[in-house]
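No experiment lies behind these values; they were computed from the predicted model shown. Below, each value reflects all heavy atoms present in this structure, side chains not excepted, and no hydrogens, waters or symmetry copies.
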Amino acid sequence: MLDQNGGSSLPRFNTGWAGETALDVDAVSAICPGCKILVVQAKSASIADLGTAAATASRQAGVVAISKATAAGTCPTPAYGSYYNHPGIAVTASTGDNGYKGGSFPASSAYVVAVGGTSLPMVGQHPGLRDGVGAVPAAAARP
């Protein structure tokens, strides 16, 4: 486990973040039991701190997965894109709990693959996406 700058000064314990982190680590280890998982913790939920943590994680081999999103929606990619623009590294981010219409950042960045964040309520006798199938957010232009 690293702090956002690659060191060992971890932020104070936060129950909400601990739950999110545990969920993510459990999901990744279930999908890839032999993978080595490195958790990089931001000191706060600010866009700058989350971006710094993502940049630190991108210096490791593998994938950067971000489960914390901001309600900022459509942050201007030119201002914050460098945090997430890492050629050769897949950067994924949660869309939040409101599906693609939620507009959370960094999932709305052109440099990030937006994942999750929807629900599957029953539609008749079958589960169906609440927010639609295959819809693309208009928050950022495709690269």
Participant: Nearest 0.5 Å, what's the OG-CE distance between S8 and M1?
Facilitator: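 Here the interatomic distance stands at 12.0 Å.
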Participant: Is there a path of hydrophobic side-chain contacts, each under 4.5 Å between heavy atoms, that joins W17 and L2?
Facilitator: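 No, W17 does not connect to L2 through the hydrophobic network.
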Participant: Kindly give the heavy-atom pair with the smallest separation between P11 and A42, and that separation in Å.
Facilitator: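 Closest pair (atom of P11, atom of A42, distance): CG-O, 3.4 Å.
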Participant: What distance do H86 atom NE2 and R59 atom CZ have between them, rounded to the nearest 0.5 Å?
Facilitator: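 Going from NE2 on H86 over to CZ on R59, the span is 8.0 Å.
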Participant: Grab the two heavy atoms, one from A107 and one from V112, that are nearest each other, plus how far apart they are.
Facilitator: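 Here A107 and V112 meet closest at CA-CG1, 4.0 Å.
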Participant: Check A57 against V40 and note the closest heavy-atom contact, atom names and distance.
Facilitator: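 Distance-wise, the nearest heavy atoms are CB-CG2, 4.0 Å.
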Participant: Under 4.5 Å between any side-chain heavy atoms of Y111 and V91, yes or no?
Facilitator: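 Not in contact.
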Participant: Any heavy-atom pair between the side chains of N85 and P87 that's under 4.5 Å?
Facilitator: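 A side-chain contact under 4.5 Å exists here.
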Participant: Hey, what do you get for NZ (K43) to CG (N5), rounding to the nearest 0.5 Å?
Facilitator: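 Here the rounded value is 7.0 Å.
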Participant: Quick check: do D3 and Q41 have side-chain heavy atoms less than 4.5 Å from each other?
Facilitator: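 Heavy-atom side-chain distance check fails, nothing below 4.5 Å.
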Participant: Distance from I89 atom CD1 to S58 atom OG, nearest 0.5 Å?
Facilitator: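 If I round to the nearest 0.5 Å, the distance is 6.5 Å.
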Participant: How many angstroms lie between CG in D26 and CG in L23, if you round to the nearest 0.5 Å?
Facilitator: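 D26 CG to L23 CG: 7.0 Å, rounded to 0.5 Å.
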Participant: How long is the straight-line distance from CD of Q4 back to OG1 of T56, given to the nearest 0.5 Å?
Facilitator: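 One finds 7.0 Å between OG1 of T56 and CD of Q4.
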Participant: Any side-chain heavy atom of I66 sitting closer than 4.5 Å to one from Y84?
Facilitator: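 Yes. Closest side-chain heavy atoms under 4.5 Å.
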Participant: Do V63 and I31 sit in the same hydrophobic cluster, where Ile, Leu, Val, Met, Phe, Trp and Tyr count as joined when their side-chain heavy atoms come under 4.5 Å apart?
Facilitator: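 No, it is not one cluster - the side chains of V63 and I31 are not joined through contacts under 4.5 Å.
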Participant: In sequence, state the C-alpha distance, the side-chain angles, and the governing distance for V39 and T21, and then conclude on side-chain contact (heavy atoms from CB on, under 4.5 Å).
Facilitator: CA-CA 8 Å; V39 174; T21 301; 3.9 Å; yes
Participant: Please list, chain by chain and in numerical order, all residues satisfying ring pair (Phe, Tyr, Trp, His ring centres under 6.0 Å) with Y83, sequence neighbours excluded.
Facilitator: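 Checked Y83 against ring pair (Phe, Tyr, Trp, His ring centres under 6.0 Å); zero matches.
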